[in-house]
There are 2 protein chains.
Amino acid sequence: MESSATNFRELCQQHGIAVTHQRQVLFEIMQGMHGHPSPEEVYARVKKKIPAISLATVYKNIHLFVESGIFREVSMHHGTLRVEMNSRPHHHMVCSMCKSISDIDEADLGLLPSHQKLPGGFLVERYAVDVIGICPDCQAKKSN
Amino acid sequence: MESSATNFRELCQQHGIAVTHQRQVLFEIMQGMHGHPSPEEVYARVKKKIPAISLATVYKNIHLFVESGIFREVSMHHGTLRVEMNSRPHHHMVCSMCKSISDIDEADLGLLPSHQKLPGGFLVERYAVDVIGICPDCQAKKSN
DNA sequence: TAGTAAACGATAATTCTTATCGTCTGTCAA
DNA sequence: TTGACAGACGATAAGAATTATCGTTTACTA
Ligand SMILES: [Mn+2]
Ligand SMILES: [Mn+2]
Ligand SMILES: [Zn+2]
Ligand SMILES: [Zn+2]
């Protein structure tokens, strides 16, 4: 099949990035993975195909793919430890541009059905909702 | 006022931890903070009261407070970068014991009202729901 | 008030991620 | 096709966040 190769080439053209061997192998291997792999896990797999590849290249390309919208990262806020100081039931609005996090009261969001058990047998304690979007500040900046 | 001091003493007794000066000042300062402070931000404030305090002590006590349920961390998965490999609309079940993350289809979760704009003017792009609870494996381990 | 477990401060170590830099390669126009 | 050049690569140093180590001090209990 060369359909995926052709697709990747087109994908790169759409996003204005060069089609390199490393980038293509990385993309194909990532497409074949499941779950929520870390850069190290991706690196381990790619090294089997390209033993000389650098971990830095893996990081750089994962970021590139995420910025291009080809892949998505699991959490918008995987950075540093943050402590929650709002003891009221609330959720979070996360700006996809500036990454700012602000609170929104549970009541202001139209509530979730609070199942006790989900399919699979997972026992629910609570819901934590990230509303991802554009904060007012970034909306203003964008419309310039 | 010594009411808060008394309360903190009781709180410590409930959780079986010693009442130290550092721990008490840390607690009181954290209670007075808003938003989602980082350990460094907490450290900066506590140092004004206890200049000799160590950053390690701040970290150790924040973790202690979180384990005891006195405070909560903003994100269950703030650790390392993870890439999402499931392109279907879905959310996540996060186990509060083993921290494992598994997917749950949007349809299997009773959907959210998809407002376009929230109070405050935040423009919604999508929702990311963490269902926090106990995974089947940990339920089995717990009931021993 | 003494004995002991826990907590503290200083700081080394670890982990994850990004920056730097010299070399190499893909793109594009001639 | 063939250069010129921007961009990508690999190696590795640097940086940021967090945790571990360890000798000293402190809080709890009897
Ligand atoms: Mn919050
Ligand atoms: Mn997922
Ligand atoms: Zn913003
Ligand atoms: Zn679990």
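Lettering of chains follows the sequences in order, A, B, ..., and the numbering in each one begins at 1. When reading the values below, keep in mind they use all heavy atoms of this one structure, side chains included, and skip hydrogens, waters and symmetry mates.
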Chemist: Find which nucleotide of DNA chain D each of Glu40(B) and Ile17(A) is nearest to by heavy atoms, and output the residue with the more 5' nucleotide.
Modeler: Ile17(A)
Chemist: Using whole Å, report how far CG of Leu55(B) lies from C1' of dT14(C).
Modeler: 15 Å
Chemist: Expressed as a whole number of angstroms, how long is the span from Lys60(B):NZ to dG9(C):C1'?
Modeler: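 One finds 8 Å between C1' of dG9(C) and NZ of Lys60(B), rounded.
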Chemist: Going 5' to 3' on DNA chain D, which nucleotide is the first and which the last to come under 4.0 Å of a heavy atom in chain B?
Modeler: dA17(D) to dC28(D)
Chemist: At 4.0 Å (heavy atoms only), tell me whether Ala56(A) reaches a base, stays on the sugar-phosphate, or touches nothing.
Modeler: base
Chemist: Test side chain to side chain contact (heavy atoms under 4.5 Å, CB included) on His92(A) and Asp103(A) and set out the steps.
Modeler: CA-CA 5 Å; His92(A) 290 118; Asp103(A) 294 347; 3.1 Å; yes
Chemist: Name the residue closer to the 5' end of DNA chain C, choosing between Gly16(B) and Gly79(B) according to the nucleotide with the nearest heavy atom.
Modeler: Gly16(B)
Chemist: To the nearest angstrom, how far is Ile62(B) atom CD1 from dC8(C) atom P?
Modeler: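 Taking CD1 of Ile62(B) and P of dC8(C), I get 12 Å after rounding.
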Chemist: Does atom NZ of Lys47(A) have more than 12 heavy-atom neighbours from other groups under 6.0 Å away?
Modeler: no
Chemist: So which nucleotide from dT17(C), dA7(C), dG26(C) ends up closest to the side chain of Thr20(A)?
Modeler: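 Selected nucleotide (nearest to the side chain): dG26(C).
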Chemist: Rounded to the nearest 0.5 Å, what separation is found between the CD atom of Glu84(A) and the CZ atom of Arg72(B)?
Modeler: 8.0 Å
Chemist: Please indicate whether His21(A) has more than 12 foreign heavy atoms, meaning atoms of other residues, nucleotides or ligands, lying under 6.0 Å from its NE2.
Modeler: no
Chemist: Could you state the atom-to-atom distance from OH of Tyr59(B) to C1' of dC8(C) in whole Å?
Modeler: 17 Å
Chemist: Return the value, rounded to whole Å, for the distance between atom OH of Tyr43(A) and atom C1' of dT17(C).
Modeler: 14 Å
Chemist: Figure out the CZ/P separation between Arg23(A) and dT27(C), and round it to whole Å.
Modeler: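 Those two atoms, CZ and P, are 10 Å apart.
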Chemist: Donor-acceptor check, side chain of Thr57(B) to backbone of Ile53(B), threshold 3.5 angstrom: yes or no?
Modeler: no
Chemist: Scan side-chain atoms only and decide if His91(B) and Asp108(B) contain a donor-acceptor pair under the 3.5 Å cut-off.
Modeler: no
Chemist: Taking for each residue the nucleotide of DNA chain D bearing the nearest heavy atom, is the 5' side occupied by His63(B) or by Gln22(B)?
Modeler: His63(B)
Chemist: Check the distance between dA7(C)'s P and Asn61(B)'s CG and give it to me in whole angstrom.
Modeler: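 After rounding, the reported distance stands at 8 Å.
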Chemist: Rounded to the nearest 0.5 Å, how far does CG of Asn7(A) lie from CD of Gln24(A)?
Modeler: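 Separation between the atoms: 10.5 Å.
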Chemist: May I have the distance from Leu26(B) (atom CG) to dA7(C) (atom C1'), rounded to whole angstrom?
Modeler: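 Between C1' of dA7(C) and CG of Leu26(B): 13 Å.
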